[in-house]
Amino acid sequence: MFTFLVKRLFQALIVMFVISLVAFAIQDNLGDPLRELVGQSVSEEERQVLRDELGLNDPYMTKYTRFVSNAVQGDLGTSYFFKKPAAEVILNKLQATLELVFGAALIIVFVSIPLGVFSAIHPKSAWTKVIMALSSFGISVPVFLTAIMLMYVFSIELNWLPSYGRGDTVNILGWETGFLTKDGLLHLILPSISLASIMLPLFIRLVRSEMLEALSSEYVKFATAKGLAMNKIYYQHALKNTMLPVLTVGGVQIGTMVAYTILTETVFQWPGTGFLFLEAINRVDTPLITAYVIFVGLIFVVTNTIVDLLYGVVNPTVNITGKGA
Amino acid sequence: MSLLEVKNLRIEYPSRHGVHAAVKSLSFTIERGEIVGVVGESGAGKSTVGNAIIDLLSPPGVIASGEVFLEGEKVSGLSPQEMRKVRGSKIGFIFQDPMTSLNPLFTIERQLTETILANLDVTPEEALSRALTLMEQVGIPEPHLRIKQYPHQFSGGMRQRVVIAIALSGEPDLIIADEPTTALDVSIQDQILKLIRDLCIKKNVGCMLVTHDMGVVSNVTDKVAVMYRGDLVEFGATQQVLGTPEHDYTRSLISAVPRSDIKLDRFPLVSYIEEAHEMEQLDIKTHWLGQSEDQRIYTGPLLNVENVSLRFITKDSFFESRREFVQASNNVSFQIQEGETFGLVGESGSGKSTIARVIAGLYPPDEGKVTFEGVDLTALKSEKERRPMRRQMQMVFQNPYTSMNPRMKIFDIIAEPIRFHKLAESEAQIRQIVHDLLDHVGLGRMAGVKYPHEFSGGQRQRISIARALATRPRLLICDEPTSALDVSVQAQILNLLKDLQDELNLTMLFISHDLPVIRQVCDRIGVMKQGQLLEISPTEQLFTNPQHEYSKHLVSLMPEFKGLRNDLESA
Amino acid sequence: MKFYKTKLAAALLAAGLSFTSSAADITVAYDADPVSLDPHEQLSEGTMQMSHMLFDPLVRLTKEFDFEARLAEKWQRIDDTTFRFNLRKGVKFHSGNTMTADDVVWTFNRLKVSGDFKAIFAPYEKMVKVDDYTVEIKSTEPYPLVLQTATYIFPMDSKFYGGQIDGKDKAAIVKHGNSFASTNVSGTGPFIVTSREQGIKVVFERFDDYWDTKSPGNVDKLTLVPIKENATRVAALLSGDVDMIHPVAPNDQKRVKTTKDIELTTLSGTRIITFQMNQNSNPALKDVRVRQAIVHAINNKGIVKKIMKGFATTAGQQGPAGYSGYDEALVPRYDLKKAKQLMKEAGYEKGFKLSMMAPNNRYVNDAKIAQAASAMLSKIGIKVDLKTLPKAQYWPEFDVCAADMMMIGWHSDTEDSANFSEFLTMTRNKETGKGAYNCGYYANPEVDKLVNEANSETDIAKRSASLQKVEQILYKEAAFVPLHWQNLAWGSKSNLQITPIVNAQNFPYFGDLVVK
């Protein structure tokens with residue numbers, strides 16, 4: 001267990017190192033950060049002075065070495081726009097993103113599992129055909145369109161739900177949460193649905209195919225031959241085995257949803273990291289961009305690790321410590 | 001009144017191409033305390049019968065007509081709810097593969113007690129104590145500890161015991177065992193069969209034992225029903241059916257079973273065989289197959305395996321001391337003379353396939369070397385150097401389907417090695433060679449335009465033999481070539497191999513877990529266990545006078561098939 | 001001037017009295033929020049909008065580009081280089097301090113060192129305190145635009161911003177990194193900031209001791225939220241989540257207009273959108289006939305109608321109507337036939353190739369306009385190699401004038417015609433900084449002379465004549481391709497009376513906003 005975690009930590013460091021190299025290599029192509037910092041009448045000479053002050057005129061290796069030596073001390077640079085350490089800005093916005101992802105994950109779990117299981121148990125039902133048709137359709141609708149449609153129907157036409165932002169939050173032990181206020185929850189609904197819509201069709205299909213596989217397995221046949229009630233076979237024997245691959249694929253996917261929040265957050269003006277990142281690109285806030293990209297790399301490794309740990313807990317045949325590198 | 005009575009049972013599989021009757025008008029009975037074997041080859045419909053009795057036919061199979069009675073009560077055509085009450089509590093079921101019939105995510109305790117609770121009116125505490133008793137009865141040591149474990153913590157044999165315990169846990173009157181020992185090693189097989197037999201007698205339950213293995217039938221069953229293509233061809237006391245079979249099919253089936261007691265030159269000709277053409281005779285002297293430049297005289301052993309060791313890492317670690325290994329091959333040495341058939345026998349995991357792969361160059365050994373006609377194969381560096389050696393050694397695998405590209409036609413599959421090694425001068429010559437090969441292995445040249453999936457298991461094995469021959473090899477490595485095949489097909493394939501060997505002066509390494517088969521095929525035999533080669537003996541000596549303790553054990557466990565002794569010649 | 005001011009105040013007061021019922025709490029959505037609370041850190045629309053809420057200028061512009069007294073009660077020119085302001089008495093800062101001439105001088109001095117603002121105050125030598133409520137501003141040369149620049153003087157609380165914190169000057173202007181002034185504020189404006197989450201919202205509340213007790217404004221609490229996405233911003237307004245938005249994208253205006261209880265307010269703006277024709281990189285553009293042909297070939301009226309959906313004013317010159325150099329005779333001149341004729345005369349009957357660059361997220365529909373323009377140019381045989389870039393990548397290209405035609409929009413910080421020429425059409429000069437954005441490399445000594453003269457001409461009429469002359473020359477010589485002035489559009493709930501408070505500079509005077 002310990003070796004496993006150490007190994008993963010090592011892996012995370014390598015991932016982040018490689019990402020930082022790439023992020024640094026591309027950041028000169030993102031544009032000139034100065035334009036977003038000064039007014040139009042400031043002369044080129046003065047802009048050069050500012051560039052020197054910010055160290056933007058240094059050669060790549062100098063910049064990168066400086067970045068790495070700061071980074072090992074926990075300093076990922078200071079955002080030009082927020083004027084705060086980039087890591088702090090990201091951590092601050094992360095709460096909103098995690099709540100959004102959590103909301104979307106809840107929707108995915110509570111929609112995809114029942115629908116996937118239903119369509120696997122009743123493959124010939126008309127409902128199954130409807131579910132599968134909708135999920136094929138859902139895969140092809142871009143999230144931007146989903147979000148705008150939801151907003152149009154539920155905010156503008158019906159006026160049931162708020163159109164943007166996060167609403168009221170309360171501070172619980174330093175965590176700003178929107179889950180504990182009615183306003184916060186209402187604000188969460190549309191963004192969560194549109195974020196969930198990206199993966200929902202995929203999850204329904206995943207659950208369905210895994211459930212179908214479980215249902216055609218020998219142990220289900222044997223469980224039937226044992227005289228168990230069908231409900232017990234479906235919802236205990238088959239479902240638990242279905243959830244194993246769903247957990248591995250799904251867990252990683254839900255983790256990567258942190259990175260998929262960019263569009264949803266932008267449309268709903270959700271104050272999270274995805275929106276932050278897009279804005280940072282528009283503003284050429286290079287320290288923030290670099291920090292974000294590195295951070296996303298970390299998220300990937302962390303979710304993978306958590307999924308592996310969970311998998312080990314749920315699946316008795318896997319022993320984490322015994323897994324090869 | 002019989003315990004089970006099956007009357008005129010007909011099972012159909014409707015499809016777009018019409019209705020296929022898997023079982024046509026079947027009738028038989030089973031009494032309490034009696035074991036009835038249902039025997040037949042694949043496609044005979046024997047498993048379908050078992051599934052139909054408990055209404056577990058895989059779709060779209062249906063019982064078209066006929067009835068099934070259990071203690072006089074009709075159990076066919078019951079509603080799903082009523083059928084559920086029959087399953088488990090009246091009829092227990094044992095599946096073929098214990099590796100897959102237990103849910104990997106639930107403890108043995110849960111899988112046992114849920115069955116007891118579903119079928120008997122007992123408290124959870126009582127269910128647990130019954131579960132423990134059952135585990136003891138099926139011979140699982142330390143049931144208190146093991147009941148808390150998961151299936152993967154049990155060996156195959158132990159798992160099958162668990163399956164049996166579960167099948168018995170609802171106190172059924174009838175047990176249907178569908179190939180209960182096919183997936184198990186021979187030593188385990190024997191124990192499980194004994195267990196089933198003992199329990200049936202002790203608990204006075206009837207048992208329907210579905211199997212393809214004549215040895216099992218003769219050892220365990222009281223009565224036997226022989227099925228052929230959905231028909232019951234013969235039903236009667238085991239002694240009688242096996243000793244004096246009335247039906248031609250039964251006779252040919254029995255004659256195809258490899259004799260464990262005596263080595264025959266060839267299997268007696270089988271009359272009920274799948275569509276195979278007569279083997280076309282070739283004049284090897286003048287034919288391409290006999291004109292390899294490799295046909296030279298070499299006096300030493302053709303293949304020399306010297307002190308080969310190989311281990312696989314099972315648990316990797318940064319620190320070498322913490323890595324864990326399995327020693328797949330431990331200092332193995334043997335030689336094969338030109339024209340000889342050398343057998344390697346052992347249970348699963350004994351390392352016999354690993355040796356085959358080392359010889360074929362698929363795994364480099366950790367230590368030791370393999371020389372072929374005096375050339376050290378392990379010292380060859382480049383692919384270019386290895387290529388002529390590869391050409392002279394060909395492999396035939398257990399499951400030929402996985403080694404064929406499903407999108408290639410048979411013609412191209414066989415022509416591929418000829419083209420690769422540039423063994424023919426023209427495309428016309430290749431066509432001629434491939435057609436000859438197809439004729440020669442009994443498929444007929446028309447087979448060339450088909451795809452692999454259009455063939456049965458036995459036919460595919462013929463294809464893979466034809467492909468192996470296409471490089472004009474001198475050494476043929478056969479790794480369990482007939483394990484997946486029915487006995488009658490097995491007999492044909494073994495005959496084919498034997499004929500080819502005689503014609504082409506082939507040298508063979510023949511790997512099998514099946515002692516009777518080994519006995520029929522090999523000149524000398526090596527016995528392997530846990531990566532070690534324990535004994536090398538000439539075939540007859542191994543069976544009559546085994547040296548090593550383990551060899552003695554293996555030979556003693558060999559299912560003794562005693563039937564038809566007198567009729568063999570007449571068949 | 002004074003007469004006008006009183007009239008306006010009376011009208012506002014009357015309106016206020018008749019409609020004001022209770023204090024209002026509104027939410028306003030912009031496309032961005034101010035980067036800093038420091039009014040001198042960055043010269044941008046966002047900063048100016050914020051300054052008008054938290055501070056007050058000495059004078060401010062009305063809708064008609066007249067000057068309205070704010071913290072300066074009266075003003076008068078003493079001589080060609082001296083201008084006096086009499087300050088309002090009894091004005092309190094948010095901190096409770098009283099505003100005096102010291103604060104104004106302190107603010108002026110801080111503007112002089114601010115990277116972004118010092119260009120505006122370059123003509124001045126200094127500001128001196130005459131007495132506690134009188135200051136004089138002295139320019140090095142005669143300077144006509146004192147009142148225009150005075151709209152940028154938002155007196156800051158010198159006591160509040162004076163001294164040090166954590167060893168750093170509280171007043172320090174820091175572009176990158178945190179400073180006291182960027183997160184703390186004490187002005188004289190109608191609002192104070194009660195909470196600020198950058199990029200999420202800024203909450204303003206009415207300042208109790210606001211000096212302008214005659215203001216009809218009744219907004220008690222104003223929450224400013226940035227909503228980047230056009231569609232979301234409109235949705236927020238239509239769903240009632242916010243009370244007022246800006247900008248409203250051309251495509252959404254019809255919808256906003258036709259929705260019940262929602263109003264669309266538009267004003268013609270002052271930001272000119274142009275193409276510059278680079279005479280340095282493409283020799284063909286040196287020929288005045290070719291430049292004229294291009295100007296005649298681009299149907300800017302059509303662009304306004306089709307692409308801007310009428311949400312812009314077609315331009316034929318740099319400065320909009322109401323600016324000193326505006327000449328109404330300089331009309332747009334789309335004429336394809338003439339354009340072809342001009343090309344023929346110039347010897348480019350068969351056309352030529354040129355490169356064009358435009359941003360794709362800076363101006364309204366910028367990329368679409370560039371695509372339309374390149375299609376129009378193809379009709380006179382000019383093959384355009386168009387590249388559109390995000391603004392962040394566009395500006396570095398613009399800095400080196402990377403294409404033969406480049407799009408540039410310009411808003412005059414002084415709300416005066418001369419500013420356009422100074423940056424866009426005067427001869428490039430590194431030392432004086434003139435023509436810094438002149439990627440056309442247009443150079444005409446007469447234009448330079450006329451603009452320089454105008455900048456030291458205090459006689460308004462004479463000055464206007466010079467600047468009009470400049471526009472005429474630029475028009476005749478086709479120095480650039482004028483497209484249009486972008487209009488401004490706000491969407492609001494009907495109970496917000498926003499017409500009196502919005503203006504062409506886009507600095508809504510929220511302090512005076514009346515909510516019914």
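Each chain gets a letter, A, B and so on, in the order its sequence line appears, and its residues count up from 1. Values in this document were obtained by computation on a predicted structure and should not be read as measured data.
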> Take atom OH of Tyr13(B) as the centre, draw a 6.0 Å sphere, and report whether it contains more than 12 heavy atoms from other residues, nucleotides or ligands.
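It does: Tyr13(B) OH has more than 12 such atoms within range.
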> Can you confirm whether Lys240(A) sits close enough to Phe106(B) that some side-chain heavy atom of one is under 4.5 Å from a side-chain heavy atom of the other?
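Yes, side chains in contact.
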> Backbone N or O of Lys226(A) within a donor-acceptor pair of the Arg87(B) side chain at under 3.5 Å?
no
> Pick one of side chain, backbone, both or neither for Ser217(A), based on which atoms fall under 4.5 Å of a heavy atom in chain B.
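Neither part; nothing is under 4.5 Å.
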> With a 4.5 angstrom heavy-atom cut-off, which part of Ile91(B) approaches chain A: side chain, backbone, both or neither?
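Interface part for Ile91(B): backbone (N, CA, C, O).
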> Examine whether an atom of Ala214(A) lies under 4.5 Å from a heavy atom of chain B, and if so say whether it belongs to the side chain, the backbone or both; otherwise answer neither.
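Neither part.
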> Heavy atoms only, distances under 4.5 angstrom: which of Leu105(B), Ile166(B), Ile176(B), Thr115(B) has the most pairs with chain A? Name it, please.
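Result: the option with the highest number of such pairs is Leu105(B).
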> Evaluate the criterion side chain to side chain contact (heavy atoms under 4.5 Å, CB included) for residue pair Arg110(B) and Gln236(A); output intermediate values, then yes/no.
CA-CA 11 Å; Arg110(B) 170 148 185 198; Gln236(A) 291 180 9; 2.4 Å; yes
> Which atoms of Gln111(B) come close to chain A, meaning under 4.5 Å heavy atom to heavy atom: side chain ones, backbone ones, both, or neither?
both
> Does the side chain of Leu102(B) reach to within under 4.5 Å of the side chain of Phe222(A), using non-hydrogen atoms?
yes
> If you tally heavy-atom pairs under 4.5 Å against chain A, which of Val163(B), Ile54(B), Val86(B) wins?
Val163(B)
> Suppose we screen for side-chain contact (heavy atoms from CB on, under 4.5 Å). Which residues come up paired with Ala52(B), at least two apart in sequence or across chains?
Leu9(B), Ile11(B), Leu57(B), Ile63(B)
> Looking only at non-hydrogen atoms, find the nearest pair between Ala118(B) and Gly227(A) and report the distance.
CB-O, 4.1 Å
> Just wondering, are more than 12 heavy atoms of other shown residues or ligands nearer than 6.0 Å to CD in Glu109(B)?
yes
> Kindly compute the distance separating OG1 (Thr224(A)) from CE (Met83(B)), expressed to the nearest 0.5 Å.
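Thr224(A) OG1 to Met83(B) CE: 11.5 Å, rounded to 0.5 Å.
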> Tell me if the CZ atom of Phe10(A) is crowded by more than 12 foreign heavy atoms within 6.0 Å.
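Check fails, neighbour count at 12 or below.
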> Under a 4.5 Å cutoff for heavy-atom pairs, which residue among Lys221(A), Glu218(A), His237(A) has the most contacts with chain B?
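Answer, by heavy-atom pair count under 4.5 Å with chain B: His237(A).
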> Top residue by heavy-atom pair count (under 4.5 Å) with chain A, among Leu56(B), Asn51(B), Asn119(B), Asn103(B)?
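Option with the greatest count: Asn103(B).
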